[in-house]
Number of protein chains: 2
Amino acid sequence: MVTVSTSKAETRTYHHGDLRSALVDAGLKALEIAPLEELSLRQIARDAGVSATAVYRHFPDKRALLAAMAHEGFDRLGAAQFNAVEQASPPLRFAESGRAYVRFALANPALFRLIFTYGEQFEGDHPDNLAARLLRAQTTEQRHGNVAEADRLSLQAWALVHGLAMLMLDGRINADDALIDRIIDPGSLFVVPGGGTAPAV
Amino acid sequence: MVTVSTSKAETRTYHHGDLRSALVDAGLKALEIAPLEELSLRQIARDAGVSATAVYRHFPDKRALLAAMAHEGFDRLGAAQFNAVEQASPPLRFAESGRAYVRFALANPALFRLIFTYGEQFEGDHPDNLAARLLRAQTTEQRHGNVAEADRLSLQAWALVHGLAMLMLDGRINADDALIDRIIDPGSLFVVPGGGTAPAV
DNA sequence: ACGCTATGTTTACGACATAAACATTAAACG
DNA sequence: CGTTTAATGTTTATGTCGTAAACATAGCGT
């Protein structure tokens, strides 16, 4: 039987070239339209045009593939936050970073869940992306070097936006843009007793 | 063949009596030692001493069984919060309710996740348990009837504790009791610009 | 007493994750 | 260059899963 190769110059090699990233890409693409629990290793392999067991040449099991996808997702989330921080002027950076966080979650629900379900655990110290590190540094400075307080503020802010994102994803509160703004309100949150909003970095 | 019944008076009837709650109970018990994704309908049925397909006489599918379990879990969470609110004196009720929320999540990780993954969606209005309603009413009063502001405070508080619980469950921040207290700190959160902590209900 | 309907069981099917054995090809080494 | 070898694919097989369909039993209203 004559193998009719595709007309394109892309020589259909037995070996794939970079199956590992192809699988991660296929998985991330699938996550855009399907929830996490509907992702099957077999489907991802099919999408990548490869047999199911080929996956095991690159990942010890399904979990590891999901972890690789989560890693990539974490990077994308970090990039979204960094962009938001970069584009905002100092007094609004904290709030903008939070808004970017929640918006990313709403735009990529399944991926956002995956990041926190299968992402690497960062025990001990909390994990950071660039934006978070930047914000904490600026907050520390604004708090006259009170690191403990800046740390607390960072965690409180993280918990707030993470909870907001999760509750919206789970349909507990309306995924409404105006509501996001009302919850992440620099004027109402973290106000120092002396007057003036706190993390005005 | 002679059916050797168990010596106990519990006559092994063909019909179960209350299989529905037995299944929910078995599922909840299983969730105490295994994560959600390891829960199989077949295992739950086995634990209840019944064939797998018997489940379908009481639930249309696995999802519905999980939803019933989530409902029961939601009630337990609400009860835990209510107890905390009841036992705390007014100025600390808000914070104690939050602490109870996070403690419940840490004590029942799989159940807590289930509640928010498979629980009923409450679109439009946010869902409440008794404790939340009570707190919001008191906050409204303390804010001289400013309902919008009380609502915002309630949502902010919910997002904060929910995010804290989730991040701890996912191993992003240490599930440490002292840390919970530091994050849920009435003295640092929601402070009104005029002075004095805000939701001091 | 009898039959209807509740609620169970057995059997069957296709999808899944993964293990084991086998096939192909790219790269290392002569 | 040609040969060996390790990397990277495929095929086949196993046991578990959710669920549909057909069948069995028993409790209840008449």
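Lettering follows sequence order; numbering is per chain, from 1.
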**Q** Could you check whether any side-chain heavy atom of F116(B) comes within less than 4.5 Å of a side-chain heavy atom of H162(B), counting everything from C-beta outward?
**A** yes

**Q** Taking the side chain as every heavy atom from C-beta outward, state whether R76(B) and F104(B) have any atom pair closer than 4.5 Å.
**A** yes

**Q** Side chains of F112(B) and F74(B), heavy atoms from C-beta outward: is any pair under 4.5 Å?
**A** no

**Q** With DNA chain C as reference, determine whether E38(A) or P60(A) sits nearer its 5' end, using the nearest nucleotide of each.
**A** E38(A)

**Q** Quick one: look up who dG15(D) pairs with, Watson-Crick or G-U, both distances under 3.5 Å, and put none if it's unpaired.
**A** dC16(C)

**Q** Short of 4.0 Å, heavy atom to strand atom, which residues of residues 47-54 of chain A count as contacting DNA chain D?
**A** V50(A), S51(A), T53(A), A54(A)

**Q** Measure from the side-chain heavy atoms of S40(B) and tell me the nearest of dT8(D), dG18(D), dC16(C).
**A** dG18(D)

**Q** Calculate the interatomic distance between Y56(B) atom OH and dT10(C) atom P; express it in whole Å.
**A** 17 Å

**Q** Taking only Lys NZ, Arg NE, NH1 and NH2, and the carboxylate oxygens of Asp or Glu, determine whether R136(B) and D151(B) approach each other closer than 4.0 Å.
**A** yes

**Q** If only atom types and distance count, is the side chain of R93(B) paired as donor or acceptor with the main-chain N or O of A131(B) below 3.5 Å?
**A** no

**Q** Checking only heavy atoms, does the side chain of R42(A) share a donor-acceptor pair with the base of dA17(C) at less than 3.5 Å?
**A** yes

**Q** Ignoring the backbone of R57(B), work out which of dT7(C), dT19(D), dT18(C) is nearest its side chain.
**A** dT7(C)

**Q** Classify R46(A) by what it touches in the nucleic acid, base, sugar-phosphate, or nothing, heavy-atom distance under 4.0 Å.
**A** sugar-phosphate

**Q** Within this structure, what is the NZ-to-P distance between K62(A) and dT18(C), rounded to whole angstrom?
**A** 8 Å

